[in-house]
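Along the sequence shown, the residues carry numbers beginning at 1.
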Amino acid sequence: MRKIVVASIKGGVGKTTVSSGLTRSLKRLGYRVGYLDVDITAPTGSEAFGLEKPPDWELDTAAEGGRGAIVPYNVEGIQFITLASHFGQAPAVLWDEEKKIDAARQLLQGVVAWRDLDWLILDTPPSSSGEMQALYKYITDLHGVILVFQPTDMAVADLYRTLDFLKFKKVAILGLINNMSYCVSPSGESFWPFLSPKIDLAAICENFRIPLLGEIPLTPDRKVVDQALDQIASRLDGAKPVILKEDITKRLIREGKRKLLKAAVRRL
Ligand SMILES: Nc1ncnc2c1ncn2[C@@H]1O[C@H](COP(=O)(O)OP(=O)(O)OP(=O)(O)O)[C@@H](O)[C@H]1O
Ligand SMILES: [Mg+2]
């Protein structure tokens, strides 16, 4: 089973959209796939799969040598687990860090009875603290991380933080997906939809030697997103994970972050 974590320290950039969509794309390619929503305080996996409510958990009492394990819910032939099943529908989650870390450990180590998977895709919260550190600590045989980012000024600040975090944790990166990379008007013209100047994520990827896995436009058309993710999924098998070796902050200081940003920013 190849495990992929979909991550970014920036919130709202499309991690859930990409992780759920990529899971469906891999399924369409004929793989056996699972989706694990490890966002503990704001799990939105059920919404991403169009479920009316988080599915009830079913227990396999014989699994894990008789200790029992949760059986993933079958959605479109995909094995699906979200912690929203534990909380019910949308209450605020008031767990402290210790409890979240324990939940992450259990989810990753034997509490779920996954059956014969080729790929397991993990959807994560926008964070570099407790639960995310626990995730990288407790996950075994991680294939790599897929980063999801928007090409905006505020997102790029968090991209550097994310790279620094993954370098520090020595976590392999499979590549970056440039989500909301441009917008297409109803008359078919491309335009830039954000207040920020457009950041050239391809240049940043090249600079840090991170593969750019693909781009997805900002669009109200689900089919356009699915097509982009189908292409990315078809290239995933051959993608080679890279571990960043160089200190990110030192590199940014040496190159002059301003200069780097200036070089990376291009208006449409
Ligand atoms: N390419 C896209 N085109 C249009 N809408 C998009 C696109 N990608 C994501 N969205 C929308 O943007 C919103 C945020 O996306 P999503 O929930 O996937 O982000 P997230 O990174 O998982 O957020 P969080 O950090 O809160 O977990 C959602 O309403 C989603 O439908
Ligand atoms: Mg999300």
Practice task
Decide yes or no for Met154 and Ser196: does some side-chain heavy atom of the first lie under 4.5 Å from some side-chain heavy atom of the second?
Solution key: no
Whether [Y] and [X] form a salt bridge (side-chain N of Lys/Arg under 4.0 Å from carboxylate O of Asp/Glu) is what I want to check.
X: Lys100; Y: Asp39; value: no
X: Glu246; Y: Lys250; value: no
X: Lys223; Y: Asp226; value: no
X: Lys27; Y: Glu76; value: no

Exercise for the section: To the nearest 0.5 Å, tell me how far Ile78 CD1 sits from Ser20 OG. Expected result: 9.0 Å
Practice task
Could you grab the distance from atom CZ of Arg251 to atom NZ of Lys245, nearest 0.5 Å is fine?
Solution key: 13.0 Å
Problem - Test side chain to side chain contact (heavy atoms under 4.5 Å, CB included) applied to Glu131 and Ile40, step by step - result: CA-CA 8 Å; Glu131 62 205 293; Ile40 294 172; 3.7 Å; yes
Completion exercise
From the list Asp158, Val156, Asp164, side chain to side chain contact (heavy atoms under 4.5 Å, CB included) partner of Tyr160 resolves to Val156
Minimum heavy-atom distance between [X] and [Y], given as atom pair plus value:
X: Gly88; Y: Pro54; answer: O-CG, 4.0 Å
X: Leu244; Y: Lys167; answer: O-CD, 3.2 Å
X: Ala48; Y: Arg24; answer: O-NH2, 2.5 Å

Exercise for the section: Please say whether the positively charged group of Arg2, taken as NZ for Lys or CZ for Arg, lies over the ring of Tyr31, i.e. under 6.0 angstrom from the six-membered ring centre and within 45 degrees of the axis. Expected result: no
Practice task
State whether the side chain of Lys10 and the backbone N or O of Val148 hold a donor-acceptor pair below 3.5 Å, judged by distance alone.
Solution key: no
Exercise for the section: Please say whether more than 12 non-hydrogen atoms of neighbouring residues, nucleotides or ligands are located less than 6.0 Å from CZ in Arg254. Expected result: yes
Exercise for the section: Could you tell me how the ring of Tyr35 sits relative to the ring of Phe80: parallel (under 30°), tilted (30 to 60°) or perpendicular (over 60°)? Expected result: parallel
